[in-house]
There are 2 protein chains.
Amino acid sequence: MAHTMREVARRAGVSLATVSRVLNNNEYISEETRRRVLDAVREFNYFKNVHAKRLATGRSDLFGLVISEIANPYFPEIIRGYQAMAWNRGFDVLLCNTEYDLERTKAVMRKLRESDVRGVAIVTSSVDKSMTSELTAAGIPVVLCNAEPAGKLVGNICIEYEHGINKAIQHVVELGHRRSAVIAGPADNRTAVTIRKALVSGLTARGLKPVCVLEGNYRVDAGASAVREVLSYPELPTVVFCGNDLIAMGAMSALEESGVRVPEDVSVIGIDDIFFAFLARPPLTTISVPREQLGVKAFEALDKMLNLKRHKGSNYILETDLVVRKSTASVRRLSLKVNS
Amino acid sequence: MAHTMREVARRAGVSLATVSRVLNNNEYISEETRRRVLDAVREFNYFKNVHAKRLATGRSDLFGLVISEIANPYFPEIIRGYQAMAWNRGFDVLLCNTEYDLERTKAVMRKLRESDVRGVAIVTSSVDKSMTSELTAAGIPVVLCNAEPAGKLVGNICIEYEHGINKAIQHVVELGHRRSAVIAGPADNRTAVTIRKALVSGLTARGLKPVCVLEGNYRVDAGASAVREVLSYPELPTVVFCGNDLIAMGAMSALEESGVRVPEDVSVIGIDDIFFAFLARPPLTTISVPREQLGVKAFEALDKMLNLKRHKGSNYILETDLVVRKSTASVRRLSLKVNS
DNA sequence: CCCGATTTTGGAACCGGTTTCATATAATCC
DNA sequence: GGATTATATGAAACCGGTTCCAAAATCGGG
């Protein structure tokens with residue numbers, strides 16, 4: 001079927017080793033020989049077998065990337081940044097989704113380990129030390145996102161939410177808001193908890209102590225059902241901070257369905273600035289997270305650990321910022337009371 | 001570093017071949033031996049090296065999936081369906097994006113070929129025969145989407161747009177629309193052209209011959225700029241059909257920005273039913289394409305070709321349907337004239 | 001013209017598994 | 001009880017490359 005290097009060698013009238021040298025751009029090859037080999041390669045339309053190569057060299061040209069779910073709009077840009085970096089350097093990326101499932105996550109780690117990947121970036125939050133240790137023990141560097149201070153061979157990309165959150169709070173203060181609510185992400189998600197705390201303490205500090213702090217998953221329906229709960233309260237908040245844009249969009253939908261207008265009656269703020277945030281009606285004011293950069297930095301961190309043999313693990317910090325669109329507006333004099 | 005099978009064999013006091021047999025669930029292994037081997041495996045926390053395995057078996061547990069761009073919301077569900085099928089059967093998927101770039105596409109094909117993938121599904125439309133032939137020539141089955149009748153080792157998943165389109169046209173006819181416009185996808189895209197033609201002929205047949213047929217890319221901005229052009233016409237259409245949901249969402253944005261209300265003044269219909277379609281304001285009426293099924297069927301087609309040694313290439317047809325939401329409404333008596 | 005240094009090439013071991021073939025042991029049958 | 005068959009294991013070849021080591025060819029200097 002496919003030709004092997006030996007056949008190419010025979011055809012070119014040289015040895016196996018020589019063909020290998022030519023194909024690896026090794027020096028110490030005469031022009032004449034190189035030409036002959038390359039001719040034979042062309043003639044046979046020869047491709048190297050990556051598996052043989054990987055076996056022989058003892059390493060793959062693969063980097064792993066672990067995400068939760070491909071359909072979640074949070075991840076595409078991360079994948080993009082990571083993949084672009086890898087591709088530019090001649091590497092491939094093995095994309096793995098955990099589907100939010102622990103067993104599946106374990107299977108993924110095993111797969112990654114078996115595949116001899118050079119390094120792994122994990123941008124899901126539900127990965128604990130016991131899972132990464134399997135990789136690091138095999139000498140495979142790992143980089144996490146918003147994780148606790150790292151150990152050997154594990155880097156960390158930390159997203160600094162404070163800045164964006166503070167600007168957002170400043171923003172709503174200037175708009176005259178006094179009553180806020182928070183719809184946070186899942187309580188078992190480290191990042192979600194960090195954000196919730198920053199939000200609550202920041203709001204409280206500025207005199208906008210939230211009238212309620214709800215928790216749920218990171219999906220649209222969570223935003224909708226949280227809003228329905230908020231609507232049952234005697235006094236409506238004038239601004240609701242959401243743990244991510246999906247929640248925010250769900251919240252806006254539910255709000256509108258109940259006849260509450262955004263932003264006239266209540267303002268809504270999301271986090272992430274996913275692609276669809278600007279397409280929402282109204283376009284969503286949100287705290288942007290540099291996700292493509294996250295992918296890029298994750299790769300760089302791995303690269304650094306690989307090259308410098310720095311076992312300390314390298315860390316990066318990424319800044320967030322506020323993107324003001326149309327889902328926030330100055331508070332109306334007369335506050336609305338829906339259910340009375 | 002990592003342990004090898006030989007070490008496990010030595011530890012368990014058996015031969016290399018025996019360990020291999022145990023690990024491959026081979027019959028003809030005594031319970032006693034199996035236990036000893038598995039103990040050793042556990043003790044060493046041993047993993048098989050996939051590259052060695054692939055080299056030895058001459059095939060990889062990989063299936064390729066070629067998409068245009070990871071950030072395009074059209075693809076996630078396809079990936080999902082495909083990957084789920086693969087995982088269930090113990091296979092991995094190598095995800096490749098062409099980034100709409102020809103060189104890149106070629107590189108991807110080469111990579112897939114080198115990787116000894118079992119089969120490849122290509123759901124981008126800009127792949128011609130010369131590219132797939134490199135794969136099929138190597139005995140790797142390929143499945144395309146909406147392609148021309150296939151050759152050897154190439155299957156085809158055909159999306160039947162007619163049904164959805166006809167229902168959509170029926171829908172707008174019932175709503176009393178008489179003037180339509182269509183904003184199609186790129187002219188060099190086979191699927192986009194098919195859709196455009198079906199749309200135009202269907203509309204014409206029902207007496208709604210489009211006042212204009214615009215073409216552009218498949219992105220949001222194309223919808224927006226097309227709408228701006230439409231708005232410069234003396235008479236506004238009352239309904240605009242878009243080549244995909246992204247275009248439709250861009251169209252709705254631009255419409256709204258110009259003070260034209262959707263659906264009161266003009267109705268908008270998309271195609272695909274991407275995740276965000278129902279979150280658009282107003283929620284988008286669209287023709288749903290069973291994308292997860294597309295992924296599933298693509299894998300099945302490959303599987304069939306692989307198992308049955310059917311060189312004919314297997315084909316599937318997928319149906320589309322209309323999803324009515326809020327971006328379409330009955331036409332108003334008095335037609336609006338914006339620029340006069 | 002000979003010798004050591006340098007450039008070029010081939011031979012062979014090796015990477016870590018799978019698999020064929022042969023052998024040894026146990027079970028079955030007449 | 002010996003032949004026959006099923007079960008269990010090992011030895012070794014093989015997959016298709018990379019790379020170390022040694023040998024051959026080329027070259028410059030004395």
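In what follows, every chain begins at residue 1, and chains take the letters A, B, ... in the order their sequences are listed.
- The residue A:R6 sits close to a base: some heavy atom pair falls under 4.0 Å.
- Among the heavy atoms of the strands lying under 4.0 Å from A:I29 are primed sugar atoms or P, OP1, OP2 only; no base atom is included.
- B:N24 and B:K48 share a donor-acceptor pair across their side chains, judged by distance under 3.5 Å alone.
- Listed pair A:T33 / C:dT9 meets the phosphate criterion, a side-chain N or O lying under 4.0 Å from OP1 or OP2.
- In this model, the phosphate group of C:dT9 is approached by a side-chain N or O of A:S30 to a distance below 4.0 Å at OP1 or OP2.
- Taking the charged nitrogens against the carboxylate oxygens, B:E300 and B:K304 have no contact shorter than 4.0 Å, which rules out a salt bridge.
- In this structure, A:M5 places its CE atom 16 Å from P of C:dA12, rounding to the nearest Å.
- Checking B:N49 against A:E114 by side-chain atom types alone, no donor-acceptor pair falls below 3.5 Å.
- A salt bridge links B:R36 to B:E32: at least one charged side-chain nitrogen sits closer than 4.0 Å to a carboxylate oxygen.
- Side-chain polar atoms of A:S133 and A:T136 form no donor-acceptor pair below 3.5 angstrom.
- A side-chain donor-acceptor contact under 3.5 Å links A:T18 and A:S15.
- Residues from residues 14-24 of chain B with heavy atoms under 4.0 angstrom of DNA chain D, sorted by number: B:V14, B:S15, B:A17, B:T18, B:R21.
- Ring-plane geometry between B:F91 and B:F63 is classed as perpendicular, the angle between the planes exceeding 60 degrees on a 0 to 90 degree scale with a lower cut at 30.
- To the nearest angstrom, P of C:dC14 lies 15 Å from CD of B:E7.
- Contact check on A:D116 versus A:R54 returns no salt bridge, with no Lys/Arg side-chain nitrogen under 4.0 Å from an Asp/Glu carboxylate oxygen.
- Where B:A56 and B:E31 meet DNA chain D, the nucleotide closest to each residue was compared, and B:E31 sits on the side nearer the 5' end.
- Rounding to whole angstrom units, CG of residue B:N49 and P of C:dC14 are separated by 18 Å.
- When DNA chain D is scanned 5' to 3' for any atom under 4.0 Å from a heavy atom of chain A, the first and last hits are D:dG16 to D:dC21.
- B:Y28 places its OH atom 16 Å from the P atom of C:dT19, with the value rounded to the nearest Å.
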The test is side chain to side chain contact (heavy atoms under 4.5 Å, CB included); show your working for A:L153 and A:V142 and say whether it passes.
CA-CA 6 Å; A:L153 273 182; A:V142 171; over 6 Å; no

